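The structure under discussion appears below in the form of structure tokens.
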Amino acid sequence: MKSYFITATDTGVGKTTITSTLAACLQKLGVNVGVMKPIATGIVQKTGFKSADVSILCHAAKVHDSEDEVNPIFLPLPVSPYDASKALNLKFDKKIIFEQFKKLQNKHDVMLVEGIGGILTPLSRDYFVADLIKEMGLETIIITRPTLGTLNHTMMTVNTCRDRKILIAGIIVNNYDENGGPAEKNAPSTIYEITGIPILGVLPFVRDYENITTMIPHVEKNIDLKSLIS
Ligand SMILES: Nc1ncnc2c1ncn2[C@@H]1O[C@H](COP(=O)(O)OP(=O)(O)OP(=O)(O)O)[C@@H](O)[C@H]1O
Ligand SMILES: [Mg+2]
């Protein structure tokens, strides 16, 4: 079975929401799925793991892996990893990510790895999310917005992957509003037409979204989960 690195065209586009829902859906199908957020930054949470994303991912996948494994690097500042490392006077140590990823790979059949920010978010001065995806040897799934501006962001993300020979399993368009404007209506088909990358699914903007329970039926309906794990 394949593992995936989930990236996005920007921060806040839905990486955690979709990665955790995919994990819950695969878990429901009986797949031994693991999750990882190699690097997180932000405010330390009062309960659960330091990173809110990590708590959501682990809860959804129903895993009991240690925080060190699932989130080897946490930097307690709401900025990019590179800026956080500079401010905290820390050196980015990517070795720890590969060590923990290997442990998780040995425990799970499918790994879903959530990135941070977008494809060129700097982890250090000269090492970006794209470099991490390549070095982890994973295929990527790109989460995009449907709103105006997304063609530009999506194509830049796709091109960055192609430049580094990162395989793109597909694109998921998130937060789609049926009543949105013409740009939104065209986005999925135009992205496919120009990039040739399969659209794995279009997920609606869920107005009363509280947690992934409300997202599970949409993922089950709109995404061919079996093809992801075949
Ligand atoms: N389809 C959706 N419908 C409604 N709300 C959504 C949807 N997808 C995501 N959200 C909400 O949008 C916000 C951002 O989503 P999410 O945290 O998944 O993004 P992210 O890409 O993981 O962000 P980050 O870069 O901070 O890790 C969250 O509050 C989430 O609940
Ligand atoms: Mg997230």
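Since the model is a prediction, treat every value here as computed from it, not as a measurement. Just so you know, ligand 1 is whichever comes first in the structure, and atom 1 is the first atom listed for that ligand.
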Q: Starting from Ile194, walk the hydrophobic network (Ile, Leu, Val, Met, Phe, Trp, Tyr; side-chain heavy atoms closer than 4.5 Å) and list everyone else you reach, by chain and number.
A: Ile142, Leu151, Met155, Val158, Ile168, Ile171, Val173, Tyr176, Ile191, Tyr192, Ile197, Ile199, Val202

Q | salt bridge (charged side-chain N to carboxylate O under 4.0 Å, His left out) contacts in which one or both residues fall within residues 24-40, not counting sequence neighbours | A | Lys28-Glu220, Lys37-Asp53, Lys37-Glu114

Q.
If we check salt bridge (charged side-chain N to carboxylate O under 4.0 Å, His left out) with Glu139, which of these qualifies: Lys134, Lys165, Lys2?
A. Lys2

(Q) What I want to check is whether the side chains of His59 and Asn211 have a donor and an acceptor closer together than 3.5 Å. (A) no

Q) Tell me, which residues have any heavy atom less than 4.0 Å from some atom of ligand 1? A) Thr11, Gly12, Val13, Gly14, Lys15, Thr16, Thr17, Lys37, Asp53, Glu114, Asn174, Asn175, Pro204, Phe205, Val206, Tyr209, Met215

Q. Quick one: does Ser227's side chain have a donor or acceptor within less than 3.5 Å of a partner on Asp224's backbone?
A. yes

Q.
Under 4.0 Å between a side-chain nitrogen and a carboxylate oxygen: does that hold for Lys107 and Glu69?
A. yes

Q) Hey, does the side chain of Asn174 reach the backbone of Val13 with a donor-acceptor pair shorter than 3.5 angstrom? A) yes

Q) Excluding waters, which protein N, O or S atoms are within less than 2.8 Å of the Mg ion (ligand 2)? A) Thr16 OG1, Asp53 OD2, Glu114 OE2

Q.
Less than 3.5 Å apart, any donor N or O on the side chain of Gln100 or Lys103 sitting next to an acceptor on the other?
A. yes

Q. Does Leu228 offer a backbone N or O that forms a donor-acceptor pair with the side chain of Tyr4 under 3.5 Å?
A. yes

